[in-house]
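All values below were derived from every heavy atom in this structure, side-chain atoms included, with hydrogens, water molecules and symmetry-related copies excluded. Only a predicted model underlies this, so the values are computations on that prediction, with no experimental measurement involved. Quick note on labels: first sequence line is chain A, next is B, and so on, each numbered from 1.
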2 protein chains.
Amino acid sequence: MTEQPPYLAIADGIRRRIASGELAPGDRVPSTRAIVRESGVAMATASKALAALAREGLVRGVPGVGTVVAEVAPVRAAHDGSVPLSREALVAAAVRIADAEGLAGVSMRRIASDLGASTMALYRHVSSKGELVRLMTDVGFGEVALGRPSGDWRAQLTHAALQLWEVYRRHAWMARAMASFIRPDPMPQAMKYTEWMLRALRDTGLSVHEMMHVHLTIIAFVQGLGVAMELESNALQDTGVSSEQWMDRNGGRFAAIVSGGGYPVLATVFEHEPFGLDLDSLFGFGLARLLDGVDAHIRETSA
Amino acid sequence: MTEQPPYLAIADGIRRRIASGELAPGDRVPSTRAIVRESGVAMATASKALAALAREGLVRGVPGVGTVVAEVAPVRAAHDGSVPLSREALVAAAVRIADAEGLAGVSMRRIASDLGASTMALYRHVSSKGELVRLMTDVGFGEVALGRPSGDWRAQLTHAALQLWEVYRRHAWMARAMASFIRPDPMPQAMKYTEWMLRALRDTGLSVHEMMHVHLTIIAFVQGLGVAMELESNALQDTGVSSEQWMDRNGGRFAAIVSGGGYPVLATVFEHEPFGLDLDSLFGFGLARLLDGVDAHIRETSA
DNA sequence: ACCTGAACACCGTTCAAGT
DNA sequence: ACCTGAACACCGTTCAAGT
């Protein structure tokens, strides 16, 4: 019996509990924090153990819940070996991995193994990992259901922004994978989105320059919230602790620091409410203010 | 004479040209794209060659210019071996590296080598690289000069947002390093910033909940633009091609795709102007719209 | 011509072995 | 008690050697 690294021993333990039926599909496996507490190992070791199980498809991170036992056995890829490699298959596999394990889980070796191909074979379809990641964001834009123009610019912009936000929610990696909107690659789906936004603004009297500024301001806002959401989503997968749970547990400590002095106004935030901040309401609030401002600008311009 | 990897051969070539004086301090060294063209190597090899030289302190990336020969010989750290390791020294070294080479250049081994310490010695001051990166963002918030309250909420919010944007400009890594503003670590400087923002809004009649939403909406907007700026800054360092130069060269190709059909409104963007979009004007436009919207909301609330 | 295994130069972090 | 070298399990990408 050979010695094995601690993370493998921990993974084995959980694997056995799954195999024995003690942990059924849908059940939460111990969070990294729980593993740290119970096994006395470091966070990194615990993370590695769960990552190893996720890699096998035995467990997966569920936003809002934690890491749970996967429904079926190894998910692996839909690929059956007969489907030839293609740019699309490759990007789809990368998206699948990023959805389940975060962008950090997307490695060229991992994609290749999921598709039953050699690592280097991927490079016949993309020039680099950077290109692959850019292609992933265009898949995201392609999932926006733009619908047909209605003649009401504000309703249309709200719809498109909300749709994009939904995409970011589904694909927490979007914000970080986002290709530059300043030095854009010709990304067909993102361009379609831009076109739709500009079309909605066509009859407002704004210049194309201003229309573009409105569009990019909204994109920047969604992007910024998206970064926060990804951090949130990763933290949830790593520790199984949601933002609300975290605030319940750490709110007191936080409030103590704040009320320690020097933060009189901030202190009232913790006095008045449990500070249940959620990203959806923040998105709604910010978008409404932004569009109110755009509305005022349009009125001024056309006046 | 042993064989050496191609990237080292390329680095040697540039090093010799610097040593001989052919390339003087301040001169641009060949961009990665130029190296690809001239040496027939892949982008990654060219990047590696420049990264190796940057690591030695011989060259550095200058935003808006490209990679240039460093003014003095190896910059290294200010550390002289006698200064004891500390959390602050460690974070400062990481910031220095990230400013010069991007967040990707910040590795535990690199920081240790800059400080003349062993890699593992760093772990006596931070628990993980993640914690180190979070500490870096607080340094950024600490660089905001908040000034004294003026009684004019809009002027104050504009000032603070602009100051934060300046920090993001100086430290392009800020957006990506940003610790979660949903599950905040108690970061003293970031908390000071938040306190200042809330204080500015205190007499507007908004609830603390709404004040917090206004603050976080602005942060999200700055964050989103920050992500774009970092992509821009990294692209500039890697290729030496600025956004304007890129658009000059690729604008035609882009316009051709757009005018190929399917993008009638987008096409007019390329007809009317060289599409010189810069992030500063976008920041100014978006912030003004956002604050117009907040203004309208405050009027409604107090009416 | 097409494909890929081995290798290179990295990572963050663990852990046992030093002082 | 404090510190650190070696090792582990990874990366993306190059390149020579296969078919």
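A:Y168 and A:E230 share no side-chain donor-acceptor pair at under 3.5 Å.
Counting to the nearest Å, the P atom of D:dG12 and the CD atom of A:E131 are 15 Å from each other. Counting to the nearest Å, the P atom of C:dC2 and the CG atom of A:L85 are 15 Å from each other. A:I97 places its CD1 atom 10 Å from the P atom of D:dC11, with the value rounded to the nearest Å. Nucleotide D:dT4 holds its C1' atom 13 Å from the OH atom of B:Y123, rounded to whole Å. The separation between B:M108 atom CE and D:dA7 atom P is 21 Å, rounded to whole Å. For A:R110 and D:dC11, the CZ to P distance is 9 Å, given to the nearest whole Å. One can place CG of A:L122 at 11 Å from C1' of D:dG12, the figure rounded to the nearest angstrom. Per the geometry, CG belonging to A:L103 stands 11 Å off P belonging to D:dG12, to the nearest Å.
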Query raised in the report: Which dot-bracket string fits DNA chain C when only Watson-Crick or G-U wobble pairs with both atom distances under 3.5 Å count, crossing pairs get [ ], and | stands for a partner on a different strand?
Result: ||.|||||...|||||.||
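Counting only heavy atoms from C-beta outward, the side chains of A:R176 and B:V227 never approach each other to under 4.5 Å.
Nearest-nucleotide positions on DNA chain D place A:G105 closer to the 5' end than the other of A:G105 and A:M120. Between A:R109 and A:S118, the one whose closest nucleotide on DNA chain C sits nearer the 5' end is A:S118.
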Report task. Under the side-chain contact (heavy atoms from CB on, under 4.5 Å) rule, what do A:M178 and A:V133 come out as? Steps first, then yes or no, please. Result -> CA-CA 8 Å; A:M178 188 63 179; A:V133 169; over 6 Å; no
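At a threshold of 4.0 Å, the pair A:D114-A:R110 counts as salt-bridged, since one of the basic side-chain nitrogens sits closer than that to a carboxylate oxygen.
Of the candidate nucleotides C:dT13, D:dT13, D:dT4, D:dT13 has the atom nearest to the side chain of A:S128. Of the listed nucleotides (C:dT4, D:dT13, C:dT13), C:dT4 has the atom at the smallest distance from the side chain of A:A121.
When each of A:K129, A:E131, A:H125 is paired with A:S127, the side chain to side chain donor-acceptor pair (under 3.5 Å) condition holds for A:E131 and for no other.
Panel note: side chain B:D99, backbone B:H171; no donor-acceptor pair is recorded below 3.5 Å.
In terms of heavy-atom proximity, B:D138 sits nearest to B:P188 at OD2-CD, 3.2 Å.
Nucleic acid contact for A:V126: none, since no nucleic acid atom lies under 4.0 Å from a heavy atom of the residue.
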